[in-house]
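This one's a predicted model, so the numbers in the text were calculated from it and none came from an experiment. First listed ligand is number 1; within each ligand, the first listed atom is number 1.
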Amino acid sequence: MSQLPFPKSFNLVFFGGTGDLVTRKLLPAMYQCHRNGHAEGGRIFCLGRRAITQDEYLATAVSKAREFIPASDWDDAEWAEFVARVSYEQIDAEKPADYALLKQRLDQSPAETTVFFLSVMPSLFTVICGSLAEQGLNGPDTRVVLEKPLGHDLASSNAITEAVGRHYHEKQIYRIDHYLGKESVQNLMALRFGNSFLEPLWRRMWISNVQITIAEQVGIGTRGGFYEGTGALRDMVQNHLLQLLCFVAMEPPVSLDSDAIRNEKMKVLESLVPFDAESVHRNTVRGQYRPGVVGGEPVPGYLDEGNIPADSKTETFVAIRADIANWRWAGVPFYLFTGKRLPSRLAEIVVHFHDVPHHIFPLPKSGTRAPAKLVIRLQPEEYIRLYLNAKVPGDSMELQPVSLDLNFAGKFTVRRAEGYERLLLDIIRGNQALFVRQDELELAWRWVEPILNTWAADPKGPEHYKAGTWGPSSSAALLSRDGHCWHDEV
Ligand code: BG6
């Protein structure tokens with residue numbers, strides 16, 4: 001994550017240029033980079049099959065961008081300056097003959113670095129990488145960016161690795177997990193490795209369990225076709241949740257060097273206790289939403305969404321107890337929790353500390369007192385909150401949890417960049433620290449595969465939960481059985 005020098009000139013080529021990711025996220029992110037002076041010397045090529053003019057493309061781009069760029073950051077003149085760097089090229093990624101035109105365009109725009117961002121279905125990765133290589137567009141000054149889903153199981157992921165690896169070296173490949181672009185996730189590193197006081201406590205001796213949650217209010221929207229073949233385990237756990245787990249559990253890296261960080265994450269993935277059919281039944285819960293009310297609005301159930309078969313067994317909710325078999329974490333459950341159509345949108349990591357070994361203060365009527373816990377809220381707000389027990393004023397020695405709050409928004413006045421801004425700049429600079437290495441990807445698939453297989457063989461299918469609730473009740477049982485409960489500050 002160290003600041004490598006920024007190239008004086010670069011080309012950024014977006015395959016899937018008319019798609020949602022490019023128009024809603026990537027172009028707005030590059031606009032912000034432009035405003036901050038980071039796009040100097042950059043040219044952006046948006047590729048698509050549609051026979052539209054440059055003006056027609058930019059007209060759509062501006063209307064999408066305006067939806068996603070905060071009004072306070074919008075400036076007509078700056079947008080006009082920015083789009084002067086952007087060209088639309090009608091190129092069909094599936095037609096190898098079209099790549100000669102791309103090569104011609106790039107030859108007219110010589111640059112230190114050329115980045116090919118493959119915002120397309122993974123089934124196109126092979127033909128794109130092969131056709132680029134045929135034109136000689138895979139030299140050491142080129143990089144290729146892959147968006148998830150990187151396969152639907154270990155074999156298909158390995159096939160992608162093999163196909164891309166035929167033409168590009170691992171040092172040129174950037175696998176995006178957009179969670180790693182979030183400021184809050186990088187702040188987790190700062191919290192752990194920029195302060196010494198937590199280090200002695202950050203282990204099994206003092207921590208009873210860790211809960212990592214990514215909850216969403218949204219359903220699957222118009223993505224039925226994609227989601228039905230994917231499900232929450234592949235969509236959220238195999239990537240985002242496992243990456244968060246790695247950042248919580250990894251040993252301190254020796255530096256911010258890309259491989260120093262990724263080597264430590266790898267060790268965590270290697271230490272994850274593998275699942276078998278019995279532990280899948282014991283330690284995982286899957287659910288599928290039924291009609292309900294979210295944010296005061298009635299919403300349909302999963303089976304009523306577009307492109308979903310009536311007998312679908314795809315999970316929209318997952319809760320898992322994961323275990324890490326190493327000296328630091330043996331015996332500490334890591335509970336992973338994600339779902340769609342839950343009561344609120346939030347992502348957080350909650351570290352629960354052990355209770356005191358001997359109670360000298362009177363216990364409340366419930367007979368238990370919550371031990372200290374550290375809440376690291378990643379979104380929508382970004383804060384760290386440490387809950388401690390403190391004495392209630394008065395003549396008794398009654399204790400009550402109080403919180404010590406650190407709200408990042410209030411502490412820094414500088415603008416917080418969107419995830420893709422940070423990631424795009426890192427790609428252009430050639431910094432791989434926040435990208436997933438091939439061996440990490442493989443281990444993550446290895447770990448989830450027995451869960452996928454056991455679920456596929458189980459005729460029961462997912463449990464149902466009403467939209468607007470926190471998922472099937474058995475997910476709470478996953479913790480209560482171990483003597484824990486979900487952190488419920490929402
Ligand atoms: C994506 C998933 O990777 O992450 C989506 O495909 C999900 O299904 C999204 O909604 C959540 O990202 P964020 O940044 O909104 O929490």
Side-chain angles (χ1 to χ4, degrees), residues 16 19-22 24-26 28-29 32 67-68 70 117-122 145-152 157 174-188 212-245 247 286-289 294-295 299 302 305-308 312 314-318 336-349 376-383 416-424 434-436 440-441 444-445 448 462 467 471 490:
D20 258 14
L21 185 70
V22 173
R24 290 169 40 175
K25 296 274 188 188
L26 301 180
Q32 297 284 16
E67 281 176 44
F68 291 94
F117 195 122
L118 275 48
S119 173
V120 291
M121 287 178 311
V145 186
L146 309 179
E147 260 290 336
K148 74 188 253 285
L150 294 175
H152 57 271
S157 167
Y174 289 72
R175 297 178 191 83
I176 287 211
D177 182 316
H178 78 275
Y179 261 72
L180 303 193
K182 293 184 194 272
E183 275 286 334
S184 52
V185 175
Q186 293 152 41
N187 229 336
L188 183 56
I212 308 180
T213 301
I214 304 180
E216 298 187 277
Q217 277 193 319
V218 292
I220 54 155
T222 53
R223 298 199 304 159
F226 158 77
Y227 200 87
E228 175 57 15
T230 305
L233 188 70
R234 292 183 177 99
D235 191 38
M236 302 296 286
V237 179
Q238 184 271 342
N239 33 64
H240 308 322
L241 278 161
L242 277 185
Q243 285 291 326
L244 292 181
L245 176 145
F247 276 99
R286 59 181 161 149
Q288 192 185 72
Y289 60 83
V294 178
V299 296
Y302 181 72
E305 306 275 18
N307 292 322
I308 305 300
S312 167
T314 298
E315 77 288 353
T316 59
F317 172 96
V318 177
L336 310 179
F337 177 99
T338 186
K340 297 215 182 272
R341 289 294 188 215
L342 301 184
S344 41
R345 172 178 184 254
L346 70 96
E348 68 183 13
I349 295 160
I376 304 163
R377 175 65 68 95
L378 307 174
Q379 66 184 30
E381 316 87 356
E382 206 186 317
Y383 60 73
R416 305 183 87 68
E418 282 292 319
Y420 275 107
E421 261 172 84
R422 169 65 199 254
L423 295 176
L424 283 166
L434 296 177
F435 297 85
V436 179
E440 288 178 73
L441 176 71
W445 275 119
V448 299
V490 287

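The aromatic rings of Y420 and H178 sit parallel, their planes meeting at an angle under 30°, below the 60° perpendicular limit.
Applying the side-chain hydrogen bond (donor to acceptor under 3.5 Å, both in side chains) test to residues at least two apart or on different chains, the pairs with a partner in residues 215-224 are E216-K340.
Between R175 and E440, none of the side-chain N atoms (NZ, or NE/NH1/NH2) sits under 4.0 Å from a carboxylate O, so this pair counts as no salt bridge.
Checking T314 against E228 by side-chain atom types alone, a donor-acceptor pair falls below 3.5 Å.
Between the K148 side chain and the D235 main chain, a donor and an acceptor come within less than 3.5 Å of each other. Checking side-chain atoms of E315 against main-chain N and O of A232 turns up a donor-acceptor pair under 3.5 Å.
If you look at ligand 1, the protein residues with a non-hydrogen atom under 4.0 Å away are K148, H178, Y179, K182, E216, R223, D235, M236, H240, K340, R345, Q379.
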